Amino acid sequence: MDTRGIPSFIVVGAGLGGCAAAIALHHHGHEVVAVLDKVRQFNRLGDSLGLGENAYKLLARWGCNVKEIQEIGNQAPTMKIRRWHDGKVLAEQPLMDMAGYIGHRGDYHDTFLKWVRERGIPIRMASDVTSYSDTTPPSLTLASGETLTADVIVACDGIKSLARHLVLGARDDPVSSGYACFRAYFEPSPAMRADPALNAFLGEDSVNFWIGPDVHVVQNTLRDDGDVPESWFQPGDMNEVRRLVTDIDPAIREAIKSTEQCLDWKICYRTPLPTWVSPKSHRIVLLGDSCHAHLPTSAQGASQATESAGVLAVCLGMVGRDEVGVATRAYEKLRFPRIRVSQTHGEDLRDRWHNVLKRVGDNVEIDPEMVKIKNRPLYAFDSEQDAKERPHLKEEVT
Ligand SMILES: Cc1cc2nc3c(=O)[nH]c(=O)nc-3n(C[C@H](O)[C@H](O)[C@H](O)COP(=O)(O)OP(=O)(O)OC[C@H]3O[C@@H](n4cnc5c(N)ncnc54)[C@H](O)[C@@H]3O)c2cc1C
């Protein structure tokens, strides 16, 4: 194999993680041959998604105009954490303490795709990867039968990743978390807008959480161009949702009860993967939800995928073309502990929210610190800088 020249990359999956990987690799001088996605076209899927300052700073460094995505985001200065049954505000804190800006996933995705195209990186749609070969160099095969090869394949193929099976050497089916999650996103009706109680949430950008024993509700407004989104995954049972909110704060109850449809977003756990790198060549590497999915309460899925993209690109910049397998293992070594911190933030918040009001009467004052979102320390971290400051990393993984 030619060990001179710059290594070539194929990115599988053009979600936010795949786009971030392509942009980071390009910024660090690597050649991205193509970003492949199995769908024919992208629709405006999903609903609210948070992007944190930890991701913004990297995107800005890579030459992306982050103002474009900041403008998409909810501009509410604060968010309110409320008691389940009467809406009493238990804590109020800056919106930036959670996820930076919260915007529609589809709008963020459109912007990320635009940034990839602006860099001349080809995005190949309808390219369904059906198998991988863990050889040196690695290759993949598409449903069409076409085979593609590059020095490194970065698999950002999401929560139902095919590449993860190759990396682990076995199937890895998700385990139910024991929690249900129903999501809905809709244009408020004129009747809702006329309702003074609801108008408190609709009149301007807002973010509110109602917390109760083993349950919580998240409400936020999204900046919208009126495009009606398609639902993704399974439709949820609105009767089940209505049953769950019979005793919630009346101010939000009617809005939830009159919601016509929702989707059932299964929250599945995966125990942390022992490795993110293919066993033989070390040249097929996982990134994003394929290896480090987060709970919704983390509000960091897309931001951590962006951090991972930066670290992978930096590690690859430290080695020659024949050593890319060392760089992928260095990336895994750096990212694993950081991801665990971010994932456990989400688990901790869910547990605090679901437990704090158990067996507590209305007259008991709750310390606001017990219910606050504590993501802020995650933002100060510069994942690329951290990678650059580990001069012995290469030795550690060889
Ligand atoms: C449709 C959809 C809606 C979402 N909505 C929300 C939301 O509202 N809020 C939220 O917080 N998070 C949402 N998420 C999750 C969020 O986007 C991710 O947690 C985060 O952005 C990290 O993304 P990722 O790129 O790792 O994975 P994903 O965003 O899941 O992207 C994976 C991509 O890989 C492609 N792919 C999968 N298998 C193959 C294959 N075999 N060959 C080629 N391509 C393949 C998929 O088509 C997809 O485009 C959503 C994800 C999806 C896919």
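Read the numbers this way: they start at 1 and go in the same order the structure lists the ligands and their atoms. Note that this is a predicted model, so its numbers are computed, not measured.
- Within the set G103, C156, S161, the minimum heavy-atom distance to atom 32 (C) of ligand 1 is found for C156.
- Residue-ligand proximity, D47 to ligand 1, at heavy-atom distances under 4.0 Å covers atoms 7 (C), 8 (O).
- Nearest to atom 24 (P) of ligand 1 by heavy-atom distance, out of G17, S308, S303, is G17.
- Remark: L312 CG to L287 CG distance equals 6.5 Å, nearest 0.5 Å.
- Between H354 and H216, the two ring planes are tilted [angle within 30° to 60°].
- Q343 and E347 form no side-chain donor-acceptor contact under 3.5 Å, judged by distance and modelled atom types alone.
- One distance of note links CG of L58 with NE2 of H27; it measures 9.5 Å at 0.5 Å rounding.
- Counting only non-hydrogen atoms, the option in S131, S48, A299 that gets closest to atom 9 (N) of ligand 1 is S48.
- For ligand 1, the atoms lying closer than 4.0 Å to a non-hydrogen atom of G288 are 26 (O).
- Close contacts of ligand 1 with S127, meaning ligand atoms under 4.0 Å from a residue heavy atom, involve 42 (N), 43 (C).
- Checked by distance only, ligand 1 and L162 stay at 3.5 Å or farther apart across all their nitrogen or oxygen atoms.
- When the heavy-atom distances from atom 26 (O) of ligand 1 to V12, L16, L51, D289 are ranked, the shortest goes to D289.
- Aromatic ring orientation, W115 versus F112: tilted (interplanar angle from 30° to 60°).
- The contact set between ligand 1 and G13, taken as ligand atoms under 4.0 Å from a residue heavy atom, comprises 33 (C), 34 (O), 35 (C).
- Annotation: Y56 is not in aromatic contact with Y379 [ring centroid separation under 6.0 Å not met].
- One finds no salt bridge joining E369 and R352 here, because no Lys/Arg side-chain nitrogen approaches an Asp/Glu carboxylate oxygen to under 4.0 Å.
- Of all atoms in ligand 1, numbered sequentially from 1 with element shown, those under 4.0 Å from a heavy atom of D128 are 40 (C), 41 (N), 42 (N).
- At a 4.0 Å cut-off, at least one heavy atom of F42 sits close enough to ligand 1 to count as contact.
- Those atoms of ligand 1 that come under 4.0 Å of a heavy atom in A302, given as number and element, are 20 (C), 21 (O).
- Residue contacts with ligand 1: H104 is excluded, as none of its non-hydrogen atoms falls under 4.0 Å.
- Not less than 6.0 angstrom separates the ring centroid of Y179 from the ring centroid of W353.
- Between R105 and ligand 1, a contact under 3.5 Å exists for at least one N or O pair.
- With contacts defined as side-chain heavy-atom distances shorter than 4.5 Å, the pair R124/E146 qualifies.
- Taking any N or O of S290, backbone or side chain, none lies under 3.5 Å from an N or O belonging to ligand 1.
- How far CG of D134 is from CD1 of I284: 5.0 Å, rounded to the nearest 0.5 Å.
- Checking each of E332, R338, R335 against S308 for a side chain to side chain donor-acceptor pair (under 3.5 Å) leaves exactly one that passes, namely R335.
- In the candidate list A293, G15, G158, P296, G158 is nearest to atom 27 (O) of ligand 1, counting heavy atoms.
- Residue G18 has at least one heavy-atom neighbour below 4.0 Å for each of these atoms of ligand 1: 25 (O).
- For R183, every heavy-atom contact with ligand 1 shorter than 4.0 Å involves the side chain, none the backbone.
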